[in-house]
Amino acid sequence: MSGTDTDRVEHDVLDWFHSAWDPDLSLVEWRTRLVDSGWAVPSWSTDWHGRGLPAWADRVAKTAIVSAGGVHNPLGVGAALAAPTIYEHGGDELRSRTLRRTLTGELAWCQLFSEPAAGSDLAGLQTTAVRDGDTWVVNGQKVWNTSADHADMAILVARTDWGVPKHAGLSYFVLDMRQPGVEARPIFQMNYHQSFMEVFLTDAHIPRENLVGEEGGGWRVARTTLAHERSYSVARSVEFAAGSVGRVIDEARVEAGVYMETYRWYPQRRGRAELVPERAKTFGVADDPVVRQEIAELWSYERAAQLTAERANAARALGRPPGSEGSIGKLALSNVARRSNHAHSTISGAQGMLREGHHPLDDVIAEVLLSTPAQSIAGGTDEIQHNIIGENVLGLPREPSVDREQPFRDVGRRN
Ligand SMILES: Cc1cc2nc3c(=O)[nH]c(=O)nc-3n(C[C@H](O)[C@H](O)[C@H](O)COP(=O)(O)OP(=O)(O)OC[C@H]3O[C@@H](n4cnc5c(N)ncnc54)[C@H](O)[C@@H]3O)c2cc1C
């Protein structure tokens, strides 16, 4: 990627944008125009709503359109995880039924991967899909499924063959969440939010065309989603360029409000490192050598995490598939969250436990202390990221496993 290339793409995007932008359109009408132009995901092929450009063009297009006062793709699991996976592995019928409507924001998605006995060991999942003519019938339980209560569709991994080793018996599906066999129950979290659900599937139906990839090839497809997930960061806030007005913007603000409601505690989950120095001053401990040392260490880790994220972005911009940079970056964010939690605890002491304390930020800090553990779990735990880095980056021997080779039905259920 050279500066000239990005300048040219930016110029082309803006050229199109200035001729196409109409703030009086509805959000869906505007995004339909955006998808038709190929600037929603320019790295996709011209047959599938794209322009066949390198991966870096996606970011250039988005930044140019948002900076010029427009609106780009919806946030969340749909555009970030489901769409690229279906684009890469889905059949044409499924692609035409889902990709456009996901990019316009008409379809909201959730991810039904984890189960009570299968999180890190995702390949050990037990939700089962059985073929019945042209339909798959699904039974089982999923858990920790963010936004499952208001999703239209789900990406789902289920076991379709118990007679082969665990990775080989999985298939990847798109499931319609709006059907009688799907029940999403909210989980009350220790930080008082309810952003994820447990989902019970009882004779839920999936049409044959909603199989993504091959029957039994679900692990390969799931890995595509997981790689995107590791390098995906949830927006902390949604901003619109100064002076942007009109129906499109109004509707995008409402959409962003709904989205941010689910993820309201996610900034706290990252540790709110930026609040640490000010808190130290407020509590009169900014001169304390131990606190100063903690702050300096935290700052170094945060800066290193930022640079790692930039490296991952640069790799993606060069068109490299998401890889180990995602794991390293994710681990770096966990380190920052943990250290930030520690610094806040050191500074606030017992007051950090008060949801309504003496200082305006007390409730935020209390939420930080209760939310940072999630950072090292969501999207693959720290230990799993260590394993990926050990095996894929350092070339260490593979983690020993006792249940990889035999048919899954002989491995024994763990719940
Ligand atoms: C905020 C949040 C949002 C989430 N959203 C979703 C969602 O939308 N959809 C979805 O499907 N899931 C979601 N999850 C679930 C998440 O993917 C799982 O929690 C995660 O994969 C860990 O699985 P587990 O909870 O079963 O923990 P376990 O796998 O049971 O792990 C327990 C502990 O054992 C360690 N461990 C396990 N295996 C190994 C190993 N091989 N080597 C070393 N240590 C190991 C783990 O690191 C961890 O410390 C979400 C989780 C969180 C926290």
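Predicted, not measured: the structure shown is a model, and the values here were computed from it. We count ligands from 1, going down the list as the structure has it; atoms in each ligand are counted the same way. Hydrogens, waters and symmetry mates are skipped; everything else that's a heavy atom, side chains included, is used.
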Judging by distance only, is a nitrogen or oxygen of [X] under 3.5 angstrom from one on ligand 1?
X	answer
Trp265	no
Phe113	yes
Glu383	yes
Tyr266	no
Glu115	no

List the atom of [X], the atom of [Y], and the distance in Å for their closest heavy-atom pair.
X	Y	answer
Val336	Ala305	CG2-CB, 3.9 Å
Glu88	Thr224	OE1-CG2, 3.7 Å
Val290	Asp288	N-OD1, 2.8 Å
Pro207	Trp136	O-CD1, 4.5 Å
Val9	Ala57	CG1-CB, 4.3 Å
Pro74	Thr102	CG-O, 3.3 Å

### Task
Output yes when a side-chain donor or acceptor of Arg51 lies under 3.5 Å from a complementary backbone atom of Ser37, and no otherwise.
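The answer is yes, because a donor-acceptor pair under 3.5 Å joins these two groups.
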
### Query
So, Arg159 side chain and Ala123 main chain: donor-acceptor pair closer than 3.5 Å or not?
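Present.
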
Any protein heavy-atom neighbour for [atom] (distance below 4.0 angstrom)?
atom	answer
atom 49 (O) of ligand 1	yes
atom 35 (C) of ligand 1	no
atom 32 (C) of ligand 1	no
atom 22 (C) of ligand 1	yes
atom 42 (N) of ligand 1	yes

Can you tell me which residue and heavy atom of the protein come closest to [atom], and the distance to 0.1 Å?
atom	value
atom 51 (C) of ligand 1	Ala378 CA, 3.8 Å
atom 4 (C) of ligand 1	Trp144 O, 3.5 Å
atom 16 (C) of ligand 1	Ser114 OG, 3.6 Å
atom 8 (O) of ligand 1	Thr146 N, 3.0 Å
atom 37 (C) of ligand 1	Ser120 OG, 3.5 Å
atom 19 (O) of ligand 1	Ile377 CG2, 3.3 Å
atom 26 (O) of ligand 1	Gly119 CA, 3.3 Å
atom 9 (N) of ligand 1	Gln111 O, 2.8 Å

### Task
Mind checking the CD-CD spacing from Gln141 to Gln126? Nearest 0.5 Å is all I need.
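It comes to 11.0 Å.
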
### Message
Can you tell me how far apart CZ (Arg95) and CG (Asp47) are? Round to the nearest 0.5 Å.
### Response
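Taking CZ in Arg95 and CG in Asp47, the distance rounds to 8.5 Å.
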
### Query
Would you say Trp109 contacts ligand 1, with heavy atoms under 4.0 Å as the rule?
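No, that is not the case, since the closest heavy atom of the residue is not under 4.0 Å from the ligand.
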
### Query
Below 4.0 Å from any atom of ligand 1, is there a heavy atom belonging to Arg269?
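It does; at least one heavy atom falls under 4.0 Å.
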
### Message
Once you restrict to heavy atoms under 4.0 Å, what part of Glu399 touches ligand 1? Side chain, backbone, both or neither.
### Response
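Side chain only.
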
### Message
One residue to check: Asn387. Relative to ligand 1, which of side chain, backbone, both or neither has a non-hydrogen atom less than 4.0 Å away?
### Response
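Under 4.0 Å from ligand 1, Asn387 contributes side-chain atoms alone.
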
Quick one: which ligand 1 atoms are inside 4.0 Å of a heavy atom on [X]?
X	value
Thr381	22 (C), 46 (C), 47 (O)
Phe196	1 (C), 2 (C), 3 (C), 4 (C), 52 (C)
Asn145	7 (C), 8 (O), 9 (N), 10 (C), 11 (O)

### Task
Could you check whether the rings of Trp44 and His49 sit parallel, tilted or perpendicular, using 30° and 60° as the cut-offs?
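Taking His49 first and then Trp44, their aromatic rings sit tilted (interplane angle of 30° to 60°).
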
### Query
Can you check whether Gln385 reaches Ile328 side chain to side chain, under 4.5 Å on heavy atoms?
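Result no, sub-4.5 Å side-chain heavy-atom pair not found.
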
### Query
Can you find a heavy atom in the side chain of Val41 that is under 4.5 Å from one in the side chain of Leu103?
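A side-chain contact exists here, since the closest heavy-atom pair is under 4.5 Å.
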
### Query
Heavy-atom count around Glu391 CD within 6.0 Å, excluding the residue itself: above 12?
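Atom CD in Glu391 is crowded, with more than 12 foreign heavy atoms closer than 6.0 Å.
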
### Task
Give a yes/no verdict on a cation-pi contact between Arg59 and Trp56, requiring under 6.0 Å between NZ or CZ and the six-membered ring centre and an angle within 45° of the axis.
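No.
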
